[in-house]
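What follows is a short report on a single structure.
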Amino acid sequence: MARSVDFDLSHTLMEAGLESPADEDGVHDSFSRLIAEQSQSEGQSAIELQDLQRDLEEEGQDHVAHLSGPEYREWIGSDDTEEEDNERQTDSLIKEPWSSATMKILSSMPSRTIGHSRGAIISQYYNRTMLLRRRRQSRPAIKDYSRSARPSIRGYGMEADTTDSAERKQERLVNNLQNLPVGDRVRMLRAMPLNLAEKTKLRRLTLETNKLTRSSSGLLCCSRLKLCIIIALRHSCTSTGNLPPELHKNREPFTGLELLTGTGYFSDTLMYYGYYSNYTLRSHMNNCTENNLPSSAKRECESKYPSYNMPLAYFFTIGMVFFITCIILVYSMSKSFGQSFRIDKSHSMLAMKAFCSWDFKVVKKSSVKLMSENIYTQLKELLAEVNQRHNKNTALQKLWRLMVHGLAWTICIAGTTGCVIAIYFSSDYVHKQRAGNVSGGSLLKEASLLALPVLVSLINLLLPGLFNLAAWMEEYNSPSVRTYVAISRNLMLKVSVLGVLCYHWLSRVAYNSDRDIYIKTSSQCWESFVGQELYRFLIIDFIFTLLNTLFGELLWRIFSDKVLKNKRRPGFDIAKNVLDLIYGQTLAWLGVLFTPLLPAVQVLKLLLLFYIKMSSVMMNCQAPRRPYRVSQMTTIFITLLCFPSFLGASVCVTYTMWSINPSESCGPFRGRKTMFQAGKHWIEELEKENPHLSLLARAHTYLVENPFFLFVGAAITLIVIYFHSQVVDGQRKIITLLQEQIENVGKDKKFLITRLQSMHEQKKTPKRSLASQDSGC
Amino acid sequence: MGTTASQLGKDSLSEYQELTFLTKQEILLAHKRFTELQNRDERNHLNATRVPMEKILTLPELKSNPFRKRICHVFSTSEAKDGSLTFEDFLDLLSAFSDSATLEIKSHYAFRIFDFDDDGTLDCGDLEKLVNCLTGETDDTRLTSEEMRQLISNILEESDIDKDGTVNLSEFQHVISRSPDFVSSFKIVL
């Protein structure tokens, strides 16, 4: 809005401001010129005023202070002791006993008329249409840039002038609108904050002479292109998903428990790593094998038809999945960083509460009353928080607080360590027990697989309760600090639990896979076993979340409604819920390599979870009493999703591919030393087949197997990140400079108005004193 | 429905569609609701007659809104400033509060609604009235004068960038642009 509105003499002002916003001289100078222009119509008083202005320029701002009205002083003044910023009381233009002339100028300031007078709105939109035209078309005629079309102080100073130029402005606006494409014109007209009668008039005027109708074919073309891209992407997605399986084996019967454990019926399906073959599939292979061709012709025949190298496909699908996820994550992270750091330090919670909290959709009388009460308590709490910020604690209190915090952290860390140790030993015990105990009911044995996931989910459910207890003991003042502490504690727990589990799977299970310690038969591959474990974790986590929703929220709500008869309902803990989601997502990423269909399970789980949680929140929870800083929180969560979660998962997967022996008897990488060798093998074969591709092979050895390029890539990324952070820093500095500049302009305005006021008073007093002198004589 | 459509006229209907954020159905519904408010003999002159504010405020969508009078005054084009609305003013109102209206137009009208004394800027008096409207008319939910003073000085500190002691439209829109749910809450649907 205000971007298009500035003082008419802004050239000097802007130039002075660009050199240094604190350059008072330049600014004042421009304003004295402005005043001179303003008061030319008042004739002789102009010179007088200019002189006065010059006199007072040296004395500076101090003079302004004592002119502040007593009423306003009282209003803000008793806040004195806390307010470091004494200036702001003096910098007010309101509640002062202004003379009528000053009032007139004050009320016609651009900052006040902009949302108000028809002329201002019209010229504002004139400028916008101008911009649009400039962007869309060739340059408009120079005469269109006329100064008087802009909202200017000159235009607002005199009543007659405003009405006069409004006609001209309107003409220009209509002219501009006519030259816009139809879509833009309609959008522009619609978005004008004028009343319908005015808009109708403008539209009629525009249509009268306008025969220029541009079709929006460009737009259509664009959207079609977009559609094409989307369809192509979708096709490529589905085509990469189709990995032809090894066709074999009779399946085990379906009992139902498999849905939880992921074993039995599911174990030899597309779900798991072990099912995929290590063949190179060729279409029309039969043609080549049937005819008794010489081997050279056979190879030619084979190379003619497209082949599907299973290990390579598996390898690259996983690689692409991680690569695409990484790009999407980094992109959304950068975007949310941009959003949350766009603004300067102040969060304007109170202003936002006052301006944006009323919901105009609310119709019922009782709901209106409830909303009023809610807003009242929220405002009170926010105020109390603001007050608390000013309170300073004594040294003893600080020591006490430090001790309490230390105790709380000790409890949390001890709890986490205990849980981690428990998982470490129990995972070992449970699996050894299961592998060693051959006898016993098969159902019981299957069920015993669930012991570890249940234990981990229980820990995930109960430990946050302990953390909450610790936080309650600590009594944090600011809710944001409390949230951050809760997040970091929960994160600590989840990271260490997942770390222990990864150690268990990747070192113990994988390393001992040929010794039958954890897996009952050597025919089963350890990759499938780990995949099943991850599947179980995912499912049990889902079930525990459901139970938590049912018992923790629904039954608690009913209990507190019926028995306790109070209206307090459980609040929806966003931090815990989001961390749970991140935990689930990490499991899914870890499992992609071992269970290619795990993401599908995860998507299903998330869909169900979303609807269940949504209905639960609507039914059982009360709105949080403190507003959530959405953009900031989103940034933090996405960062968490990216940094420990995705990075950890990809490190684990890369480690598995790079340096762990795959199973000998199953999976696409059987017979290889590491999964990573599939690519190398393929390159070697390629080199054998067409010798002139040796360059590619050499490039592969140098680029992929040499760690130097990895370091170069990392270094480039770091440099880019550094540059971006510098740019953001610079932008923040510019924002502070601009704010300073706005403040200075405000001060100037204030100064000028007080000058004007004192002018008027002086004009009155000499007359009066002259009159008294006359009478005295 | 058919009769109202014919009364409204095809030309003006399409014109209204082009100039407001409302769909055809919404305009027809608005017309129906508006004619219900009019006297029987006034119904033939749709735009010539004004429905007085008292009648507009009987609409259930506005009845319990604490800003109802301000809304009428802002959208009224009446010379006498009595808050009475013509049909076009009524459409203006619904358009600004509709689903598809832009953040900009919504914040513009919100500013004018909150500007109780119509001086083009939110000063301490406006803010006090605004907060009183938000917390309701009853005495037990009214902030004490000390709290009010503190609240207003904090609001000004947060949003008054040029430090002139008032919140002008640009500053107001700057605050609004940071609120994620203003667009969804600034809505009235018939």
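In what follows, chains are A, B, ... by sequence order, proteins preceding strands, each numbered from 1.
Under the salt bridge (Lys or Arg N to Asp or Glu O under 4.0 Å) rule, B/Glu15 has a single partner from A/Lys199, A/Lys201, A/Arg203, which is A/Arg203.
Most heavy-atom pairs under 4.5 Å with chain B: of the set A/Val368, A/Val362, A/Leu202, this distinction falls to A/Val368. Between chain A and the residues B/Phe182, B/Phe114, B/Phe172, the largest count of heavy-atom pairs under 4.5 Å involves B/Phe172. Your options are B/Thr77, B/Leu130, B/Leu151, B/Val131, and the one with the most heavy-atom pairs under 4.5 Å with chain A is B/Leu151. Here B/Glu147 is the residue among B/Lys63, B/Glu171, B/Glu147 with the most heavy-atom pairs under 4.5 Å with chain A.
Both the backbone and the side chain of B/Phe186 come within contact range of chain A, judged by heavy atoms closer than 4.5 Å. With a threshold of 4.5 angstrom between heavy atoms, B/Lys187 approaches chain A through its backbone and through its side chain. Neither the backbone nor the side chain of A/Ser367 comes within contact range of chain B; no heavy atom of the residue lies under 4.5 Å from a heavy atom of that chain. Heavy-atom distances place no part of B/Val189 under 4.5 Å from chain A, backbone and side chain included. When heavy atoms are compared at a cutoff of 4.5 Å, B/Leu127 approaches chain A solely by way of its side chain, counted from C-beta outward. Only the side chain of A/Lys380 comes within contact range of chain B, with at least one heavy atom under 4.5 Å from a heavy atom of that chain. Residue B/Leu19 touches chain A through both its backbone and its side chain, counting heavy-atom pairs closer than 4.5 Å. Using a 4.5 Å cut-off between heavy atoms, B/Leu62 does not touch chain A at all.
Here B/Arg33 pairs with B/Glu61 in a salt bridge; the nearest charged N to carboxylate O distance falls below 4.0 Å.
Annotation: cation-pi pair A/Arg190/B/Phe21 present, NZ/CZ under 6.0 Å from the ring centroid and within 45° of its normal. No cation-pi contact links B/Arg112 to B/Tyr109, judged by a cut-off of 6.0 Å to the six-membered ring centre and 45° from its axis.
Counting only N and O atoms by type, the side chains of B/Asp119 and B/Thr121 include no donor and acceptor under 3.5 Å apart. In this structure, a donor-acceptor pair under 3.5 Å is present between the side chains of B/Asp89 and B/Thr86.
Side chains of B/Phe67 and B/Phe116 form a contact here, defined as non-hydrogen atoms less than 4.5 Å apart. Side-chain atoms of A/Ser372 and B/Leu134, non-hydrogen and from C-beta on, never get closer than 4.5 Å to each other.
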